[in-house]
Amino acid sequence: MIKKLLLASAATALLTGAASAADLPRRAAPPPIFTPVPVFTWSGAYFGINAGYAFDASSNTTSSFAVPAPYGNGTTAYFGQNNQEGFSGGAQIGYNFQLTPGNGVVFGVEADAQYLDFGRNRNRSIVTGPLAAGYYVTDPRGLSSLDYFGTVRGRLGYAFDRVLVYGTGGFAYGSGSADRSFGGYVGNDSFRTGYAVGGGMEYALPVDSFLNFFRSSAVTLKVEGLYVNLDRNTRNQGALVINAANNFPVAYSAVGRRNDEFAVIRAGLNYKFGSY
């Protein structure tokens, strides 16, 4: 009888403990881990390459020059500007800063150096009347043969996530051949400076793009147009009579100045480094 009472008491105690444990609050489950999706930003340094097409953007006019005696006798030379155009290609380096990731204002600076194939075609003349033997005429004011040019420009635009629309402008420089056979006299095709303005659009590819050879934070593609104006320092220079023996000018007509003006349409590829 005593054994039965002890067993009954033990069973009651166990059931009471189990019921009490069931009434205790359960341990809260850990919160789910949240991984934020990174927001793209254009901030960071970049470098890249570009290629495109350049063409004369100056006005195409025809001018005439009355060759003075004793180099001519009632002789007139007529000049027509020959458009020059050709391949342009080079490299660029720069830095962007975006005010707010995602959509926002982007500003930066970019420098580039470009090869320019404008050939060796200068203005050609048609001469009516006699011209003294050993002399020829030329007009150095036309678009010269340029071998290269470069720019240092500011950029200001607005980013729509991975699409950037921008305007650009700043300092430009260039140089061409000093060959007198098509350049008049030495100095006309020397180093010169000016300005460049333009704009473009740039798009950032996914980081895992097959073009990302350098493991950069982004690879971007761009299309850009530039207008370049270089001062050739040809004020008060016009058509020239040249001594063919030494390529030295012996007479000229001061009919004003003309700059090198050309436009460039190009596509580029950039590798961006910095914050995502």
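Position 1 is the first residue of the sequence; numbering continues from there. As the structure is a prediction and not an experimental result, all values here were calculated from the model.
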Across all chains, not counting sequence neighbours, the side chain to side chain contact (heavy atoms under 4.5 Å, CB included) partners of Ala218 are Phe40, Lys272
Residue set satisfying side-chain hydrogen bond (donor to acceptor under 3.5 Å, both in side chains) with Thr75, at least two apart, ordered chain then number -> none
Sorted by chain and number, sequence neighbours left out, side chain to side chain contact (heavy atoms under 4.5 Å, CB included) with Tyr227 holds for Ala57, Tyr195, Val197, Asn229, Glu261
OH (Tyr203) and CZ (Arg162) are apart, to the nearest 0.5 Å, by 6.5 Å
Apart from Phe87 itself, members of its ILVMFWY cluster (side-chain separation under 4.5 Å) are Tyr115
Are the ring centres of Phe160 and Tyr158 closer than 6.0 Å?
yes
Across all chains, not counting sequence neighbours, the side chain to side chain contact (heavy atoms under 4.5 Å, CB included) partners of Thr100 are none
Are Val165 and Leu221 connected in a single hydrophobic cluster, I mean Ile/Leu/Val/Met/Phe/Trp/Tyr linked by side-chain heavy atoms less than 4.5 Å apart? yes
Applied to residues 220-230, the salt bridge (charged side-chain N to carboxylate O under 4.0 Å, His left out) test, sequence neighbours excluded, yields Glu110-Lys222, Arg153-Glu224, Lys222-Glu224, Glu224-Arg266
Enumerate, atom names and distances included, each donor-acceptor pair closer than 3.5 Å involving a side-chain atom of residues 102-109, sequence neighbours excluded.
from: Asn103; atom 1: OD1; to: Asp161; atom 2: N; distance (Å): 2.8

By side-chain hydrogen bond (donor to acceptor under 3.5 Å, both in side chains), Ser88 pairs with (sequence neighbours left out) none
By side-chain hydrogen bond (donor to acceptor under 3.5 Å, both in side chains), Asn96 pairs with (sequence neighbours left out) Arg155
Hits for ring-ring contact (aromatic ring centres under 6.0 Å, His included) against Tyr53, two or more places apart or cross-chain, chain-then-number order -> none
Sequence neighbours excluded, the answer for ring-ring contact (aromatic ring centres under 6.0 Å, His included) partners of Tyr46 is none
Stepwise side chain to side chain donor-acceptor pair (under 3.5 Å) test for Gln98 and Ser43: CA-CA 5 Å; Gln98 185 170 347; Ser43 294; 5.5 Å; no
